There are 2 protein chains.
Amino acid sequence: MEDKAQIQEAIKTQGEVVRKLKSEKASQEQINEEVAKLLQLKASLGEGDGKHQFVLKTAKGTRDYNPKQMAIRERVFNTIVGSFKRHGAETIDTPVFELKETLTGKYGEDSKLIYDLKDQGGELLSLRYDLTVPFARYLAMNKITNIKRYHIAKVYRRDNPAMTRGRYREFYQCDFDIAGQYDAMIPDAECLKIVYEILSELDLGEFRIKVNDRRILDGMFAVCGVPDDKFRSICSTVDKLDKLPWEDVRKEMVNEKGLSEASADQIGEYVSMQGGMDLAERLLKDQKLSQSKDACDGLSDIKLLFTYLQIFQVTDKVVFDLSLARGLDYYTGIIYEAVLTQAGVSLVSAEGQNGAPPEESVNVGSVAGGGRYDGLVGMFDPKGRKVPCVGVSIGIERIFSIMEQKAEASAEKVRTTEVQILVASAQKNLLEEKLKLVTELWKAGIKAEVMYKKNPKLLSQLQYCEETGIPLVAILGEQELKDGVVKLRAVATREELDISRSDLIGEIRKRTSEA
Amino acid sequence: MEDKAQIQEAIKTQGEVVRKLKSEKASQEQINEEVAKLLQLKASLGEGDGKHQFVLKTAKGTRDYNPKQMAIRERVFNTIVGSFKRHGAETIDTPVFELKETLTGKYGEDSKLIYDLKDQGGELLSLRYDLTVPFARYLAMNKITNIKRYHIAKVYRRDNPAMTRGRYREFYQCDFDIAGQYDAMIPDAECLKIVYEILSELDLGEFRIKVNDRRILDGMFAVCGVPDDKFRSICSTVDKLDKLPWEDVRKEMVNEKGLSEASADQIGEYVSMQGGMDLAERLLKDQKLSQSKDACDGLSDIKLLFTYLQIFQVTDKVVFDLSLARGLDYYTGIIYEAVLTQAGVSLVSAEGQNGAPPEESVNVGSVAGGGRYDGLVGMFDPKGRKVPCVGVSIGIERIFSIMEQKAEASAEKVRTTEVQILVASAQKNLLEEKLKLVTELWKAGIKAEVMYKKNPKLLSQLQYCEETGIPLVAILGEQELKDGVVKLRAVATREELDISRSDLIGEIRKRTSEA
């Protein structure tokens, strides 16, 4: 398509870019990216010459998961899905792409980050940007009014990737939502209970779950004299309070958003408040705030929520925090966000800026977030029928990053298989005997391997166990075969004992049971 | 973008298309598709008028999975992954899209079925078409020479969908591959063992695994006088033998491919042969075939393979079948394919033409296929270093279809959750007591639910259990609370008994243990 001379020119220019970056000691990530471009240019030229050179890389902003990363991923998923299932959730799946117009108008100015598919004839398609819009489309399309479902899947955003800091263009989301017309705050409280369970079980360190309500925010803005048309804009400024000091937020309100100083100061008083049920009770009697019906509705619900949270035994981590705003437009009631508060982990997360924000507004340390959105499904229903929903999104990429760093730091090796035993031999010509034994073990459900060599050295068989963490070795030799026994060796202690073939399976189970 | 009048014209035309199809009693699938186009046109007009109507559908050739389908999918995955893990496989994951040029030149004329992403600046990307090419790219990129991995993920083909027959544009592939330089036929035999285990455990009915070797085919063509440059072409004709009678295949060879009648007849003799190790031994002594070194290498390996298969106790289902050809170019040694042979299932699969072919060549009833491909990774390596590979692809969409039909046909209800018990009440105002109890149960790891209503009727609570298959109900009432007991009800038998709170958890575990 392009002229050869043009490409050669581009190669020259790109070569200079790379040289310059290297001389400037730019980040390896940046250099790699530019080198990849250079290689791609060279490859496109090579093609013209009849020889093809592949550029061996994944698409920008994406990564492969190697077996170790997959092992960590599986562990995290198991914990999370375990909690979802304990609470009776079903799961669904939706296609990776949707009709373009299904996504249109749902994400505001972030719509520019949507991946479109090429028009190859037929429908115009885009890759999903989150799991919430496909969920709403699914409910409306199937006229479902009640469901408790989780959905774990990858979503796509043409964002500026920062892969060293864990921000990708392809990343997992992990959503749990309860749709249906129910009595107030019961499903909402269960969402918080689930966040509490998951973060506790994953053992990520200390955390706190901040809770607020959109109606309290709106009521607060109203009684503080914020004009109606500035609610959203002021709300998004309040949302910055987790990253900026109040002084800066106040400045933005007054100087950029044109709020009066008096209004700003009143807001400032409210958003500094944190507490529990007591705070909700106090604010219900607050002369100013109690003027707003919205605020009173929100405060009563917060009170009710805390009643249920007490029963669920999670109030030690939940804080009613009037500064919590959250970015998304579609929330209509309670909102919440879980943050890690432990120093060590905070450092990790300050550095590892979240690649998979639970939603748009990501704080340093935020690992889950959600809220009530009673209007979204109605946007898809031809008759506008509403399906009230409340849900939570677990910031699973952030959690992967933390778990990976923990694994790196810990002495314990991450195993990538669950193999319990290697069937080995000390002498030559025993392949068939080994295959016989491994067949018996597989039949009994034992996870077992044999090396794919006819006559491997015993040492290399033992080394393989060390490397891959296989705890046991069954060693066969002429003598053992004659005696009808197997030499069972524990890799860690190097202890060996002869055990009869008939007792072998029981012994393996006993030694490798996970209880 | 388009002129309003133009759209209105298009709506008129499309309306006629729909009317015509309806009058012709076309398939519902076809009608739905055209109606969707009509709605989309109307919607695009609606947008111009300021009111927007969503087209509520998934992209052509794709589907959502509802909770019931997901439950079946999970069961199938668990069985398959269980076998992979028993054999010590790791897992990896790759991005859903690759650089376009990574896929270029790997799929022959099927390349036109690749989904491209829109050029939004940056790299040119395409959705993955299978899992084998990304695997080869992964190995070459990371210079991995040894791995035993499985990968279950969705792939994308802009094929003509036939959704009523289970053929989709987005579908799962499920691949297991062993890469590495090993002694002959040991990993190859393990692949067959795994197919055997999976198909047996899934209980899909009788099956057979056909085995052949590319070198035997090539040798056979050579000794039968097929010109070198016609090997591939004649091979693809042989591949049709599972759908066409020999007469038709012979006709194609002679009339279309220009093979001599004598050659065709010689091939005809060979491809009618089926057997086991004995056949390999006989053919090694075959005057003609033994002239070909390729054929002898292949036959010796088949012999060795059967030695291992005997030890693995799978020879009752494995047939050495000289008519098995398989479509893909990249195979270099042994090839195999598993087919379901039971009448009932064959009918199902004749109707439900496979949506997720293990690979290009799909037979009626084919549920797994694979082979050895020692050259593919080298195509990606800058220095052409080869990594020998052998693998198998489980035709998982076909298996889903069969399992779904089995579930439909069976009286047993597919549960979409694993909830063991519903915490219910017979009287009003016991919500908090129910929440207390369900909290205790969750803490003990019991999967439990409570309805999200303050005062649901006992009947509706019991109905909920019937509908969702929850086996137990814990019924609370004033009297039970006073006595420190719970009324435990078995939903199926309606038997009830009072049990002390302290014994409840043990009793639930006992009654719902899966052993």
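All chains are named by letter (A, B, ...) in the order of the sequence lines, taking the proteins before the strands, and each is independently numbered beginning at 1. Computed from a predicted model, the values in this text were never measured in an experiment. Values reported hereafter were calculated over all heavy atoms of this structure, with side chains retained and with hydrogens, waters and symmetry mates removed.
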Side chain, backbone, both or neither: which part of [X] has an atom under 4.5 Å from a heavy atom of chain A?
X        : value
B:Arg149 : neither
B:Leu125 : side chain
B:Gln181 : backbone
B:Arg158 : side chain
B:Glu197 : side chain
B:Ile421 : neither
B:Ile147 : side chain
B:Thr307 : side chain
B:Glu190 : side chain
B:Val450 : neither
B:Leu127 : side chain
B:Glu432 : both
B:Ala89  : backbone

Which one wins on heavy-atom pair count under 4.5 Å against chain A: [options]?
options                               : value
B:Glu74, B:Met185, B:Gln69            : B:Glu74
B:Asn455, B:Thr91, B:Thr94            : B:Thr91
B:Ser83, B:Gly88, B:Gly122            : B:Gly88
B:Trp442, B:Tyr308, B:Phe97, B:Tyr182 : B:Trp442
B:Glu440, B:Lys68, B:Glu170, B:Arg415 : B:Glu170

With the threshold set at 4.0 Å, does a side-chain nitrogen-carboxylate oxygen contact exist between A:Asp93 and B:Lys154?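 So A:Asp93 pairs with B:Lys154 through a salt bridge.
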
Would you call A:Glu449-B:Arg86 a salt bridge at under 4.0 Å N-O?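 B:Arg86 and A:Glu449: not salt-bridged.
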
Give, for atom [atom1] of [X] and atom [atom2] of [Y], the distance between the pair rounded to the nearest 0.5 Å.
X        : Y        : atom1 : atom2 : answer
A:Lys454 : B:Asp183 : NZ    : CG    : 6.0 Å
B:Thr439 : A:Lys193 : OG1   : NZ    : 5.0 Å
A:Phe312 : B:Leu435 : CZ    : CG    : 4.5 Å
A:Tyr138 : B:Asp64  : OH    : CG    : 6.5 Å
B:Asp119 : A:Lys118 : CG    : NZ    : 8.5 Å

Which one of [options] has the most heavy-atom pairs closer than 4.5 Å to chain B?
options                                : value
A:Ala448, A:Pro67, A:Gly121            : A:Pro67
A:Val419, A:Ile311, A:Asn142, A:Leu431 : A:Ile311
A:Gln120, A:Glu98, A:Arg73, A:Lys85    : A:Gln120

Salt bridge (Lys or Arg N to Asp or Glu O under 4.0 Å) partner of A:Glu123, the single match among B:Lys60, B:Arg169, B:Lys57: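 It is B:Lys57; the other options fail the test.
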
Partners meeting side-chain hydrogen bond (donor to acceptor under 3.5 Å, both in side chains) with A:Lys443 (sequence neighbours left out):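 Once residues adjacent in sequence are excluded, A:Lys443 has no partner under the side-chain hydrogen bond (donor to acceptor under 3.5 Å, both in side chains) criterion.
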
Considering all heavy atoms of both residues, which atom of [X] and which atom of [Y] are nearest to each other, and what is their separation?
X        : Y        : result
B:Tyr115 : A:Leu117 : CD2-CD2, 3.5 Å
A:Ile178 : B:Tyr452 : CD1-OH, 3.3 Å
A:Thr58  : B:Arg137 : CG2-NH1, 3.4 Å
B:Ala59  : A:Leu99  : CA-CD2, 4.1 Å
B:Pro382 : A:Leu56  : CD-CD1, 3.8 Å

List the residues meeting ring pair (Phe, Tyr, Trp, His ring centres under 6.0 Å) with B:Phe84, not counting sequence neighbours, and say none if there are none. B:Tyr150, B:Phe176

Can you say whether A:Ile114 sits under 4.5 Å from chain B via the side chain, the backbone, both, or neither, judging by heavy atoms?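 Interface part for A:Ile114: backbone (N, CA, C, O).
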
Would you indicate whether B:Lys143, at its atom NZ, is surrounded by more than 12 heavy atoms from other residues, nucleotides or ligands within a distance under 6.0 Å?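 Count not over threshold, so no.
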
Run through A:Thr417, A:Thr468, A:Asn66 and flag the one making a side-chain contact (heavy atoms from CB on, under 4.5 Å) with B:Glu90. A:Thr417

List the steps and the verdict of side chain to side chain contact (heavy atoms under 4.5 Å, CB included) for A:Ile92 and B:Tyr65. CA-CA 6 Å; A:Ile92 68 162; B:Tyr65 283 80; 5.8 Å; no

Do B:Val96 and A:Tyr156 have side chains that get closer than 4.5 Å, going by heavy atoms? yes

